[in-house]
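To keep things clear, I will list the structure first and then write my remarks on it.
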Amino acid sequence: MEVEELVHLPRLSRVAVCGGTHGNELSGVYLVRELLKVKRKWTEKRREEDEEPMSVRMVLSNPRAIQQCRRYINTDLNRCFTHASLNGPISDMAPYEIIRSRELNTLLGPKGSQEAVDLVCDLHNTTANMGLCFIAYSDSDWICLHIFHHLQRQMPDTPMRFINFDVTNKESYSLDSVGKHGFAMEIGPQPHGVVRSNIYTAMRVGVQHMLDWVRFFNSGTVFKGGFVDVFTMVKNIDYPRDSETHNITAAIHPQLQDRDFCLLHPEEPLFQTFSGETLRYKGNEPLYPFFINECAYYEKGIALSLARKRRVTIPAIRVQTAEEERRASERGFASEEEE
């Protein structure tokens with residue numbers, strides 16, 4: 001696709017900013033609480049003025065886990081949004097997060113429908129040294145890629161990467177997949193259960209630039225094309241484990257620790273056993289590690305993830321005019337009738 005080609009995309013009228021999907025990732029919890037206070041003041045001020053053309057809903061996703069400052073109560077909420085999880089049978093004894101995922105799907109979705117919100121930004125922290133990352137299920141969602149590109153320009157001193165999990169819409173499992181467009185904003189390093197001012201500030205500034213971009217887009221601003229480096233996840237690597245106890249027998253090697261997104265070559269140090277032995281990376285190709293030694297992934301059997309990097313060309317985009325929206329809506333209605 002040529003960079004100069006102009007793509008017209010639907011207006012983003014409804015946006016959701018979610019925090020506390022994991023109840024101990026506190027930057028998003030405190031930011032959403034702050035945004036809720038600001039929104040109340042803003043609403044009171046604008047009562048007699050015209051309505052804002054874009055509605056922004058702030059959501060505390062997992063209130064019980066937030067109250068207890070835990071990642072989750074019964075099961076990981078951010079793995080509960082597959083098509084099967086949202087639409088399968090459910091009993092009175094279902095885990096709290098399964099019930100909550102359906103409430104959120106009703107509030108923000110339903111997933112995959114025309115009624116779903118236009119954009120979901122779900123806020124997360126990682127204990128890994130990853131800077132500010134977008135995590136999305138597509139490397140061709142021009143909205144998410146342009147928002148990321150905008151943040152790169154506006155926050156040049158913040159390390160920033162775009163991660164693609166190559167998963168189908170039905171199998172996409174996280175809260176951000178409920179929207180027509182969506183991404184997780186993952187920022188670290190920050191220990192779970194605490195809030196660091198610099199990490200919180202990066203998230204606050206990033207969210208503000210995201211909302212500004214949406215307003216610019218809805219007002220008709222043309223965003224020029226360009227390029228984004230995308231890290232597509234290839235595989236996860238677990239810690240070495242004892243065959244009988246299944247306990248881990250090594251930690252991330254000191255030469256690899258905190259070197260997220262630094263290319264890892266075959267035979268470079270990967271783990272250091274508790275007896276002091278160095279275990280080396282046995283892959284066939286250099287790959288980029290991320291989520292290195294993420295605290296929450298010990299239970300998932302993940303020591304780090306590995307990705308390939310490629311450069312994606314993004315086209316110039318502009319919001320559809322009212323006439324273009326009408327024609328697109330008619331085409332969509334005709335397609336539904338044909339089905």
Side-chain angles (χ1 to χ4, degrees), residues 1-17 52-56 108-109 111-122 132-155 160-170 172 176-185 206-232 308-336 338-339:
M1 178 177 289
E2 295 295 329
V3 175
E4 292 77 12
E5 181 181 347
L6 183 62
V7 176
H8 299 177
L9 297 172
R11 181 179 303 275
L12 303 173
S13 299
R14 295 179 298 146
V15 176
V17 178
E52 170 79 352
M54 174 185 73
S55 70
V56 182
L108 304 178
K111 178 176 177 175
S113 74
Q114 283 301 308
E115 290 73 36
V117 297
D118 298 302
L119 176 66
V120 175
C121 171
D122 193 25
L132 190 158
C133 295
F134 278 32
I135 303 177
Y137 292 106
S138 172
D139 61 0
S140 58
D141 185 322
W142 307 140
I143 293 293
C144 294
L145 286 161
H146 263 282
I147 293 172
F148 176 80
H149 194 46
H150 178 70
L151 263 64
Q152 281 185 310
R153 294 193 300 269
Q154 298 298 319
M155 304 170 68
M160 206 171 296
R161 286 94 176 186
F162 191 102
I163 302 170
N164 169 39
F165 287 174
D166 190 13
V167 178
T168 65
N169 181 260
K170 278 193 171 184
S172 56
D176 50 277
S177 69
V178 172
K180 295 186 182 75
H181 307 274
F183 60 90
M185 184 184 290
V207 169
Q208 187 57 61
H209 285 311
M210 179 270 293
L211 294 174
D212 288 343
W213 184 92
V214 174
R215 292 186 179 98
F216 294 148
F217 173 76
N218 286 343
S219 69
T221 301
V222 175
F223 290 93
K224 296 180 180 179
F227 304 94
V228 170
D229 287 330
V230 173
F231 293 84
T232 299
R308 293 189 187 96
K309 182 173 74 169
R310 71 185 185 91
R311 179 153 288 186
V312 173
T313 303
I314 57 175
I317 65 171
R318 176 179 67 74
V319 70
Q320 290 177 343
T321 63
E323 177 61 21
E324 289 167 343
E325 280 191 63
R326 184 186 64 78
R327 291 201 300 267
S329 177
E330 288 175 353
R331 286 196 300 271
F333 180 72
S335 299
E336 289 173 8
E338 289 168 6
E339 290 176 3

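Along the sequence shown, residues carry numbers from 1. Reckoned from all heavy atoms, side chains included, excluding hydrogens, waters and symmetry mates. The shown structure was predicted, so the numbers you read here are calculated from the model rather than taken from an experiment.
Judged by distance alone, the side chain of His146 and the main-chain N or O of Ala316 form no donor-acceptor pair under 3.5 Å. For Arg14 (side chain) and Leu108 (main-chain N/O), no donor-acceptor pair under 3.5 Å exists by modelled atom type. In terms of modelled atom types and a separation under 3.5 Å, the side chain of Arg11 and the main chain of Phe217 share no donor-acceptor contact. Side-chain atoms of Asp176 never come within 3.5 Å of backbone atoms of Val120 as a donor-acceptor pair (strictly under, hydrogens ignored).
The aromatic rings of His150 and Phe216 sit perpendicular to each other, their planes meeting at more than 60°, with 30° as the lower class boundary.
With sequence neighbours excluded, the residues that form a ring-ring contact (aromatic ring centres under 6.0 Å, His included) with Phe223 are Trp213.
Between atom CG of residue Leu132 and atom CG of residue Leu151 there is a gap of 6.5 Å, rounded to the nearest 0.5 Å. Atom OG of residue Ser55 and atom CG of residue Leu12 lie 11.0 Å apart, to the nearest 0.5 angstrom. Taking CD1 of Ile314 as the reference point, atom SG of Cys144 lies at 11.5 Å (rounded to 0.5 Å). A distance of 10.5 Å separates NZ of Lys224 from NE2 of His149, quoted to the nearest 0.5 Å. Going from atom SG of Cys121 over to atom NE2 of His181 covers 14.0 Å, rounded to the nearest 0.5 Å. Remark: Phe134 CZ to Phe148 CZ distance equals 7.0 Å, nearest 0.5 Å.
Side-chain contact between Asn169 and Lys111 is present, with heavy atoms from C-beta onward closer than 4.5 Å. Proximity of Phe165 to Ile135: side-chain heavy atoms (C-beta onward) are separated by under 4.5 Å at one or more points. Counting heavy atoms from C-beta on, the side chains of Phe183 and Leu119 come closer than 4.5 Å.
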- Task: List the steps, then state whether side chain to side chain contact (heavy atoms under 4.5 Å, CB included) holds for Asp141 with Leu145.
- Result: CA-CA 6 Å; Asp141 185 322; Leu145 286 161; 5.6 Å; no
- Gln208 and Gln154: side chain to side chain contact (heavy atoms under 4.5 Å, CB included), yes or no, with the steps? CA-CA 11 Å; Gln208 187 57 61; Gln154 298 298 319; over 6 Å; no
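The side chain to side chain donor-acceptor pair (under 3.5 Å) test with Arg310 singles out one residue from Thr232, Asp139, Asp229, and that residue is Asp139.
Heavy atoms only, all atoms of each residue included: Ala116 and Val178 are closest at CB-O, 3.5 Å.
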